[in-house]
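Take a look at the structure set out below.
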Amino acid sequence: QVQLVESGGGLVQAGGSLRLSCAASGKIISVNDMGWYRQAPGKQREFVASITSGAITNYADSLKGRFTIFRDNTRNTVYLQMNSLKPEDTAVYYCNANIRISMWAKNDYWGQGTQVTVSS
């Protein structure tokens, strides 16, 4: 069984920063792409950022320059550094990872979500 456990969410004032982390654990052969998504109240889940095992990153255009994704492959952990936060960044943030669990199988997994609230 594979688990993704997120941490680091919370309440912050506009202009502040937060760092989210997501650690993968369990029966893991290797971790491929990892990423972050978010879902605001009443809205669909949207892509935030992703990173390959080789550290190639991709960001939602609207978030470039404020958010940074990075990972520690030795810990199977991905991070999201969020700076200059705005009230519209308020959402539940979800971690996603594509994980090889055997020679023949790899699956997508999701974390439970962590709430980020930005006050104005």
Side-chain angles (χ1 to χ4, degrees):
Q1 191 75 4
V2 172
Q3 281 189 317
L4 298 182
V5 178
E6 299 144 342
S7 61
L11 174 64
V12 64
Q13 287 188 331
S17 298
L18 280 176
R19 178 179 291 183
L20 307 182
S21 63
C22 171
S25 63
K27 186 182 176 184
I28 296 171
I29 304 297
S30 61
V31 182
N32 303 313
D33 292 3
M34 303 184 83
W36 291 93
Y37 291 72
R38 68 184 185 183
Q39 187 166 18
K43 295 187 177 181
Q44 289 189 330
R45 190 172 298 190
E46 64 176 357
F47 170 76
V48 173
S50 65
I51 184 168
T52 68
S53 57
I56 296 172
T57 59
N58 188 32
Y59 295 93
D61 287 342
S62 61
L63 300 176
K64 287 180 181 177
R66 293 195 300 122
F67 288 15
T68 302
I69 188 170
F70 57 101
R71 65 191 282 173
D72 182 344
N73 290 335
T74 66
R75 298 175 184 267
N76 289 333
T77 299
V78 63
Y79 303 90
L80 185 69
Q81 178 67 41
M82 305 184 293
N83 298 328
S84 303
L85 283 162
K86 305 175 181 179
E88 51 263 44
D89 294 319
T90 295
V92 178
Y93 284 70
Y94 296 91
C95 172
N96 170 268
N98 182 266
I99 297 175
R100 180 167 293 283
I101 58 172
S102 74
M103 187 179 297
W104 308 275
K106 55 181 181 178
N107 299 320
D108 277 341
Y109 295 89
W110 290 89
Q112 79 284 1
T114 186
Q115 177 69 47
V116 171
T117 303
V118 184
S119 63
S120 56

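Just so you know, residue 1 is the first one in the sequence shown, and it goes up from there.
Rounding to the nearest 0.5 Å gives a distance of 11.5 Å between CZ of R100 and OG of S53. Separating the CE atom in M34 from the CG atom in L80 is a distance of 12.0 Å, to the nearest 0.5 Å. In this structure, N32 CG and I99 CD1 are separated by 8.5 Å, a value rounded to the nearest 0.5 Å. Residue R45 holds its CZ atom at 13.0 Å from CZ of R38, rounded to the nearest 0.5 Å. Separating the CG atom in N96 from the CH2 atom in W36 is a distance of 10.5 Å, to the nearest 0.5 Å. To the nearest 0.5 Å, the span separating SG on C22 from CZ on R75 amounts to 14.5 Å.
Side-chain contact, N98 with D33: no donor N or O sits under 3.5 Å from an acceptor N or O. With no hydrogens or angles considered, a side-chain donor-acceptor pair links N107 and Y109 at under 3.5 Å. Counting only N and O atoms by type, the side chains of E88 and T90 include no donor and acceptor under 3.5 Å apart.
Note on V48 and F70: separate hydrophobic clusters, where clusters join Ile, Leu, Val, Met, Phe, Trp and Tyr whose side-chain heavy atoms are under 4.5 Å apart, directly or indirectly. Side-chain heavy atoms closer than 4.5 Å link hydrophobic residues (I, L, V, M, F, W, Y) into clusters, and following such links, possibly through other members, connects V78 to L18. One hydrophobic cluster, built from ILVMFWY side chains closer than 4.5 Å, holds both L85 and L20.
Applying the side-chain hydrogen bond (donor to acceptor under 3.5 Å, both in side chains) test to pairs two or more places apart or on separate chains, those with a residue in residues 6-28 are S7-S21, S17-N83, R19-Q81.
A 4.5 Å side-chain heavy-atom check between I51 and I56 finds every atom pair outside the cut-off. Side-chain contact between V116 and M82 is present, with at least one heavy-atom pair separated by less than 4.5 Å. You'll find the side chain of Q39 stays beyond 4.5 Å of the side chain of Y93, heavy atoms only. Looking at V2 and I101, their side chains come closer than 4.5 Å, going by heavy atoms from C-beta outward.
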Give the intermediate values and the outcome of side-chain contact (heavy atoms from CB on, under 4.5 Å) for residues I28 and N76. CA-CA 9 Å; I28 296 171; N76 289 333; 4.1 Å; yes

Tell me, with the steps shown, if L63 and D89 meet side-chain contact (heavy atoms from CB on, under 4.5 Å). CA-CA 10 Å; L63 300 176; D89 294 319; 4.1 Å; yes

Derivation and outcome, side-chain contact (heavy atoms from CB on, under 4.5 Å), residues Q115 and T117: CA-CA 6 Å; Q115 177 69 47; T117 303; 3.3 Å; yes

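Checked by atom type and distance alone, the side chain of Y59 never pairs as donor or acceptor with a backbone atom of R66 at under 3.5 Å.
Summarising the hydrophobic clusters (Ile, Leu, Val, Met, Phe, Trp, Tyr; side-chain heavy atoms under 4.5 Å, direct or chained), the residues clustered with Y37 are F47, V92, Y94, W110.
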